[in-house]
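These numbers come from the heavy atoms of this one structure, side chains and all, not from hydrogens, waters or symmetry mates.
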Amino acid sequence: MGSNIYLMNSKAPSYFFAAALLLLALPAANMALWIVTAENNTDFETSLQIYLSYFPEFLRNGRLLTLINILMLALAAGLFYKSMAAPKLRLAGIVSGIISILLLMWNVFSLL
């Protein structure tokens with residue numbers, strides 16, 4: 001009965017989709033920042049220091065940032081799946097969910 005509460009609210013899939021887009025956009029922007037920073041510097045350590053300088057002191061840890069990305073991307077994939085309950089969001093949810101999962105795998109393998 002608890003899971004049926006979402007079926008009563010026809011706007012719930014749209015809210016899930018909007019939240020998932022935000023959870024996808026933040027790690028994507030973070031990854032783009034790293035790519036641009038690394039591209040503009042030849043030395044890895046210099047790139048890393050410049051990249052980390054964009055974050056507050058308590059977040060200046062590459063592993064922590066990657067774990068946060070992984071968490072956000074996993075949540076995004078789950079919310080995209082939930083948003084597919086609405087027929088109008090089914091295709092967008094599938095494509096966005098696949099993008100989330102691919103970026104998630106990229107982040108997991110970057111930890112190795």
Are the side chains of F80 and L24 in contact, using a 4.5 Å heavy-atom criterion? yes
If we ignore angles and hydrogens, is there a donor and acceptor under 3.5 Å between the side chains of N30 and Y51? yes
Is V36 reachable from W34 through a run of I, L, V, M, F, W or Y residues, each pair having side-chain heavy atoms under 4.5 Å apart? no
Check T37 against S47 and note the closest heavy-atom contact, atom names and distance. CG2-O, 3.3 Å
Note: M31 and N69 closest approach over all heavy atoms is CG-ND2, 4.1 Å
After noting the C-alpha distance and the side-chain angles of M105 and V108, does the key distance pass the side-chain contact (heavy atoms from CB on, under 4.5 Å) rule? CA-CA 5 Å; M105 291 186 328; V108 167; 5.6 Å; no
For the CG atom of L75 and the NZ atom of K82, what is their distance to the nearest 0.5 Å? 13.0 Å
How many angstroms lie between CZ in R63 and OG1 in T66, if you round to the nearest 0.5 Å? 8.0 Å
Minimum heavy-atom distance between L104 and I70, given as atom pair plus value: CD1-O, 3.3 Å
Closest non-hydrogen atom pair between A76 and L23, with its separation: CB-CB, 3.8 Å
Residue pair N107, L67: steps toward the side-chain contact (heavy atoms from CB on, under 4.5 Å) verdict: CA-CA 8 Å; N107 275 266; L67 289 173; over 6 Å; no
Verdict with supporting geometry, L64 and I68, side-chain contact (heavy atoms from CB on, under 4.5 Å): CA-CA 6 Å; L64 176 63; I68 292 170; 4.0 Å; yes
Can you pull out every side-chain hydrogen bond (donor to acceptor under 3.5 Å, both in side chains) where at least one residue sits in residues 83-104? Sequence neighbours excluded, please. none
Hey, could you give me the CG/CG distance between L52 and L65, rounded to the nearest 0.5 Å? 6.5 Å
Atom pair CZ (F16) and CE (M84), whose distance is rounded to the nearest 0.5 Å: 12.5 Å
Give the minimum heavy-atom separation between I101 and A77, together with the two atoms involved. CG1-CB, 4.0 Å
Would you name the heavy atoms of P13 and L89 that are closest together and state the gap between them? O-CD1, 3.6 Å
Residue F55 excluded, over 12 heavy atoms near CZ under 6.0 Å: yes
Starting from the C-alpha separation in whole Å, work towards a yes-or-no answer on side-chain contact (heavy atoms from CB on, under 4.5 Å) for Y54 and L33. CA-CA 9 Å; Y54 285 98; L33 175 64; 3.9 Å; yes
Atom pair CG (L103) and CD1 (I98), whose distance is rounded to the nearest 0.5 Å: 12.0 Å
